[in-house]
Amino acid sequence: MKRKMLALMLCTLFVLSLAACGGGQPATGQSGSTATADPPAAGDDPATPASDTITIAMTDVSSLDPMKNWQLPSYYFYWTVYERLFRLDSETGEYEPELATSWDIAEDGMSYTFHLREGVKWTIERGIENGTGNYPGVASVDAPDDYTVVVNMTEPDSVFMDKQWTGDCCVMPYGCGDEIALKPNGTGPYKFVEWLSGDHITIERNDDYWGEPAGVSTLQFNIIPEASARLISLQSGDIDITALQSTDVKHVEADENLLIQSTTSIRVDSLGYNCQSEYFSDVRVRQAVAYAINKQAIVDGTLEGYGVTLKSPVAMGKGGYYDGMDGYDYDPEKAKELLADAGYADGFSCELS
């Protein structure tokens, strides 16, 4: 959940998602990278999906329950095995239909009406029962007919729609319980096959999918915790695709057998504060920290230049992004002045978690 933090949001970085793949296979996707199959050869029936396997390296996860686990590698499965009401086009910032074909928002923001795709059942109840952060303002849900759902709010929520395309809001079978954490079951283009903890997770094409069939028959995710080991596996040909750390880009660029694909991410790294604490309840202290952080140095030194500094807590391309904020330039002398004005000329110690 993004909150309007203004002076509180001090260090925001816009990060690029990077992936490397072997054998010339392209990697594409929204706010990340996944594999796509090569196009069919001349004479092949384009209606017949390709039959092959792509192997992707990732770190392990503790659960595959979209409403209880938010580890980043889990989203490989949340956005392939499951679906949401709609998805976000990260380039245009527009919502696109997925399980909802259209929607209407009441002028007062107190209700949302979703018109559902036929042949796919949908439930919002588990999210409400589990108290996930995406449904705190939902008062009730009505179903006027089989293909219409009305979500009634306790109060207007300006980011309710933005929450619905995230992995937390995956559409799940009615009545499912905690077993979903080990055996995900959704309506997406892929279906779950097996999970051998610490070794691999396998999903395969869902032949009952309502939309265009997936172009790759099987995706196998090999669990490789260390980034260096993932890169070695890529270079040796043991895997086809892996996400890259920025420090590894130069090694991949030097290998003619590997290809890098990058896309603009909607990930924002930021620093926030407990504004009820002894020190950070004073706006001058928060501003001092803002002036003391060299955001461009972080982009250049830590991210190897693969990032963009922001003045907003919302990523470019997302609804609610505003580029008119003044922000805080790097000014350590100004930071010292503000700390002195706040009574901390000699500084202080605090815990950063």
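Because the structure is a prediction, the values reported are computed rather than measured.
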State, with a plain yes or no, whether a side-chain heavy atom of Thr101 is found less than 4.5 Å away from one of Glu118. no

side-chain contact (heavy atoms from CB on, under 4.5 Å) between Lys334 and Tyr328, worked out: CA-CA 10 Å; Lys334 180 68 173 178; Tyr328 296 87; over 6 Å; no

Give a yes-or-no answer on whether the side chains of Asn222 and Gln220 include a donor-acceptor pair shorter than 3.5 Å. yes

Can Lys191 and Asp208 be counted as an ion pair, charged N to O under 4.0 angstrom? no

Is any side-chain heavy atom of Ile180 closer than 4.5 Å to a side-chain heavy atom of Asn185? yes

Assess whether a salt bridge exists between Arg230 and Asp248, defined as any Lys/Arg side-chain N lying under 4.0 Å from an Asp/Glu carboxylate O. no

Determine the interplanar angle of the Phe348 and Tyr279 rings, folded into 0 to 90°, and report it as parallel if under 30°, tilted if 30 to 60°, perpendicular if over 60°. parallel

Leu116/Leu85 under side-chain contact (heavy atoms from CB on, under 4.5 Å): CA gap, chis, key distance, verdict: CA-CA 8 Å; Leu116 307 182; Leu85 290 177; 4.2 Å; yes

Any ion pair linking Glu333 and Lys336 (charged N to carboxylate O, less than 4.0 Å)? yes

Classify the ring geometry of Trp103 against Tyr95: parallel below 30°, tilted from 30° to 60°, perpendicular beyond 60°. perpendicular

According to the interplanar angle, ranging from 0 to 90°, do the rings of Trp79 and Tyr75 count as parallel (below 30°), tilted (30 to 60°) or perpendicular (above 60°)? perpendicular

Working for side-chain contact (heavy atoms from CB on, under 4.5 Å), residues Glu96 and Leu88: CA-CA 6 Å; Glu96 296 181 342; Leu88 178 74; over 6 Å; no

Validation row: Cys350, Glu278 side chains within 4.5 angstrom (heavy atoms): no

